[in-house]
Amino acid sequence: MNLCELTILQAHKGLKNKEFSSVELTQAFLNRIKKQDKKISSFITITDKQALLQAEKIDKDISANKDISVLAGIPMAVKDNILVNGIKTTCASKILENYIAPYNATCIDKLNKLGAVILGKTNLDEFAMGASTENSAFFTTKNPKDLSRVAGGSSGGSAAAVADNLCVYALGSDTGGSIRQPASFCGVVGLKPTYGTVSRYGLVAFASSLDQIGPITKNVEDAKIVFDVIKGKDNLDSTSVDIKIENSKFEMKNLKIGIPKEYFIGGMDKEVENIIRQGIAKFKKMGIVIKEISLPHTKYVVPTYYIICTSEASSNLARYDGIKYGLFKKGKNLIDVYLGTRGQGFGDEVKRRIMLGTYTLSSGYYDAYYLKAQKVRALIKQDFDKAFEQVDVILTPTAPTPSFKIGEKINNPLEMYLADIFTSSVNLVGLPAISINAGFANSLPVGMQIIGKPFQENQILEISKSFES
Amino acid sequence: MIDKKEVEHIAKLAKLDLKESEIKKFQKDISEILDYFNLLKQVDTNNVKPLFYPVEYSVDSMREDKENSQTLETINRIIESAPERKERYVKVKKIL
């Protein structure tokens, strides 16, 4: 049995039945990371000593026949924009290259309490801005399925690590598709929860009305396990809410899946479309009703998303000024410190987005861009509200193409932005969505996205699980 | 195409020091992207209320204005993160 190929449930069973110890399991991953990660480059920091200490603790509990949680002793990886106390959190940026987190993110606290083993921090696009992990200030993460191609982004490190069995599961963050798109490119499962269900405390903010933390896993069951642990209202995040689990035992056969017609008008890879249509046919065979729906404001989603996220980012990234933490460039006066620190600490894409957001929020342009975008956002939400009156979930491709070649899109920012076309609407409206593997186009994974009504993670997880089997 | 002066103005507002080559590159990128943003002009948003947050907050998320202490370990880490400091003070350039 290859320990690194185990899912959460399989690993948990193995630990409980004393087939192997958590230390053995953890060491297996650390060995594999040492061997493989020079090809993939998914980790920025490897926390081997701490991981083994965490594993030892759990092994003691297991020997004493104590009850352990399903996540106890299971090695995981954390995207490097989520704070883990005492460990570097770099956001893949030079401006935080040596920043040591002074506290845990709430989701990390929750996982620690249950005995999770953290193997390390994974690579991302700088400050989560990107769709390929090529914007990392340190290195690009390669797609394990084809090393000449991107792992997707911004949670590329986490997705590649799960896909290449360098951890059992990982945490990512999603602002416009950053969990789902890399999951799609790497052939694994990625869940973006409803906005507010997972605390953002300890997640380095990119766009505060859009960001969410979520699991990247080998299968749907594992995604549900991790989600159930990290969800919940947190007093430290005033945008978090409690989900009222209505224990709605819904019948699969009564579900209706909506297919948005605007998502299938050109611009999508032919192979991707075929695979998605095969997926739709599979659901039809299961007896589920498929209905065509309309999301009329679809063509305005990407500009709306990019106006809002860059505006919010320009505000959130103002804190990187060389004073409280991070990179510091000496200057004759305060302004020079700011200019030098930020000028040298931020990469191109981050600077580009800060400038766009500064412009769209500036006097004379605020109404035409930012306010306008927030109004169009309201109309996009109306589209989904109307659609959800007719159907329970919405099915779309996760991305218009499979993974692209490293370097292919990096010089055309606008083309890169269009990679978010199917995923960013979900963040604008705050809905839950999952990406699962639907097939392969020339050996490259193609993901299918299932979008649910707010707080209906259980529904989209159940539907995905039935597709998986 | 937005002009060089505007790019320099935005960079100043955003406190970003840009090299000459960067200004040229960003001028092109930003112009292209702003053109794309103008797509939203096509949408009729008369009488539409902006949606700033995706969730309707009916919950009162205010708390009492009481001090919530951090552990000494956390406080020390935070102070030690500051690049310029003197004892337990964070040093900044004078502004007056």
Side-chain angles (χ1 to χ4, degrees), chain A residues 86 99-100 102-103 195-196 209 235 238-239 241 297 299-300 303-304 306-307 314 318 321-328 331 333-335 337-340 342-344 346 348 351-352 354-356 358-360 362 369 371-379 381 413-414 417 428-431 454, chain B residues 2 6-7 9-19 22 25-26 29-30 32-55 57-59 61-63 68 70-71 73-84 90-95:
Chain A
Y99 173 69
I100 302 209
Y103 55 89
Y195 182 85
S209 79
N235 289 329
S238 58
T239 61
V241 291
H297 292 89
K299 74 187 244 227
Y300 305 112
T304 302
Y306 273 97
I307 289 173
S314 71
D321 56 10
I323 307 297
K324 302 175 289 292
Y325 36 63
L327 185 70
F328 166 74
N333 53 42
L334 192 59
I335 299 291
V337 170
Y338 290 164
L339 291 172
R342 292 162 67 82
Q344 292 183 53
F346 287 140
D348 282 354
K351 282 189 188 149
R352 196 165 16 239
I354 291 174
M355 287 202 283
L356 282 166
T358 303
Y359 185 86
T360 54
S362 66
Y369 289 106
L371 193 57
K372 181 80 179 180
Q374 298 286 29
K375 290 181 178 180
V376 178
R377 182 183 190 170
L379 295 175
K381 178 174 190 297
L414 196 50
Y417 293 173
L428 289 172
V429 185
L431 302 171
Chain B
I2 64 172
E6 266 202 286
V7 178
H9 173 64
I10 299 168
K12 192 155 161 244
L13 285 176
K15 300 290 181 287
L16 294 170
D17 192 21
L18 299 181
K19 298 191 229 67
E22 283 181 300
K25 183 163 70 113
F26 287 135
D29 287 342
I30 290 174
E32 219 181 276
I33 297 167
L34 288 177
D35 270 342
Y36 180 57
F37 285 173
N38 285 329
L39 207 62
L40 295 192
K41 288 199 175 121
Q42 296 174 5
V43 188
D44 181 6
T45 51
N46 258 316
N47 300 319
V48 179
K49 254 180 64 188
L51 184 74
F52 292 110
Y53 267 97
V55 181
Y57 288 102
S58 52
V59 184
S61 51
M62 304 293 276
R63 64 171 174 81
N68 229 339
Q70 295 288 346
T71 65
E73 186 206 347
T74 301
I75 295 172
N76 286 339
R77 274 229 177 85
I78 291 174
I79 294 175
E80 281 154 27
S81 295
E84 298 269 282
V90 177
K91 274 207 309 194
V92 291
K93 289 264 189 244
K94 66 180 176 191
I95 57 172

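Below, read A as the first sequence line, B as the second, and so on, with proteins coming before strands; counting in each chain starts at 1.
- Between A:G340 and B:D17, the shortest heavy-atom distance links the atoms N-CB, 4.3 Å.
- Contacts with chain B were tallied for A:G430, A:S314, A:A378; A:A378 has the most, counting heavy-atom pairs under 4.5 Å.
- Residues A:K324 and B:I78 have side chains not in contact (no heavy-atom distance under 4.5 Å, counting atoms from C-beta outward).
- Of the residues considered (A:V429, A:L356, A:I354, A:L327), A:L356 shows the highest number of contacts with chain B, using heavy-atom pairs under 4.5 Å.
- Considering only heavy atoms from C-beta on, A:T239 comes within 4.5 Å of B:Y53 through its side chain.
- There is no contact between A:A318 and chain B, counting heavy-atom distances below 4.5 Å.
- Between chain A and the options B:K41, B:Q42, B:E73, B:K12, heavy-atom pairs under 4.5 Å are most frequent for B:Q42.
- The greatest number of non-hydrogen atom pairs below 4.5 Å with chain A, out of B:I79, B:N38, B:L40, is found for B:L40.
- The closest side-chain heavy-atom distance from B:T74 to A:P102 is below 4.5 Å.
- Two residues are said to be in side-chain contact when any heavy atoms from C-beta on lie closer than 4.5 Å; B:Y36 and A:L414 meet this criterion.
- When heavy atoms are compared at a cutoff of 4.5 Å, A:V376 approaches chain B by way of both its backbone and its side chain.
- For A:Y300, the parts lying under 4.5 angstrom from a heavy atom of chain B are both the backbone and the side chain.
- When each of A:L379, A:D348, A:I100 is checked for heavy-atom pairs under 4.5 Å with chain B, A:D348 comes out on top.
- For chain B, the nearby part of A:K381 is the side chain; its heavy atoms alone come within less than 4.5 Å.
- Looking at heavy atoms from C-beta onward, B:Q70 lies out of side-chain contact with A:Y103 at the 4.5 angstrom threshold.
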Checklist entry - Where do A:Y359 and B:I30 land on the side chain to side chain contact (heavy atoms under 4.5 Å, CB included) test, with the steps shown first? => result CA-CA 10 Å; A:Y359 185 86; B:I30 290 174; 5.6 Å; no

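- Annotation: maximal heavy-atom pairing with chain A below 4.5 Å, among B:H9, B:E80, B:K94, B:K25, occurs at B:K25.
- Residue contact with chain A, scored on non-hydrogen atoms closer than 4.5 Å, involves the backbone of B:D44 exclusively.
- Proximity to chain B is limited to the side chain of A:P413, based on heavy atoms less than 4.5 angstrom apart.
- Test A:K375, A:K372, A:R377 against B:T45 for side chain to side chain donor-acceptor pair (under 3.5 Å) and you get one pass: A:K372.
- Heavy-atom distances place the side chain of B:V90, and not its backbone, under 4.5 Å from chain A.
- Counting heavy-atom pairs closer than 4.5 Å to chain B, the top-ranked of the candidates A:P454, A:P303, A:G343 is A:P303.
- Heavy-atom minimum distance, A:G326 versus B:P83: O-CG, 3.4 Å.
- Looking at A:L431, there are no atoms closer than 4.5 Å to chain B (heavy atoms on both sides), in backbone or side chain.
- Heavy-atom pairs under 4.5 Å with chain A were tallied for B:L13, B:I2, B:L34; the largest tally goes to B:L34.
- Taking CE from A:M355 and CG from B:L16, the interatomic distance works out to 6.5 Å, rounded to the nearest 0.5 Å.
- By the 6.0 Å contact criterion, CG on B:D35 is enclosed, its count of non-hydrogen atoms from other residues, nucleotides or ligands being greater than 12.
- To the nearest 0.5 Å, atom OG1 of residue A:T304 and atom CG of residue B:L51 are 11.5 Å apart.
- Side-chain N or O atoms of B:K93 include one that pairs as donor or acceptor with a backbone N or O of A:G331 at under 3.5 Å.
- Within the 4.5 angstrom heavy-atom criterion, no atom of A:N235 approaches chain B.
- Heavy atoms of B:K49 lying under 4.5 Å from chain A belong exclusively to its backbone.
- Inter-residue side-chain proximity for A:D321 and B:K15 is flagged as unmet; no heavy-atom pair is nearer than 4.5 Å.
- B:I10 touches chain A through backbone and side chain together, each having a heavy atom under 4.5 Å away.
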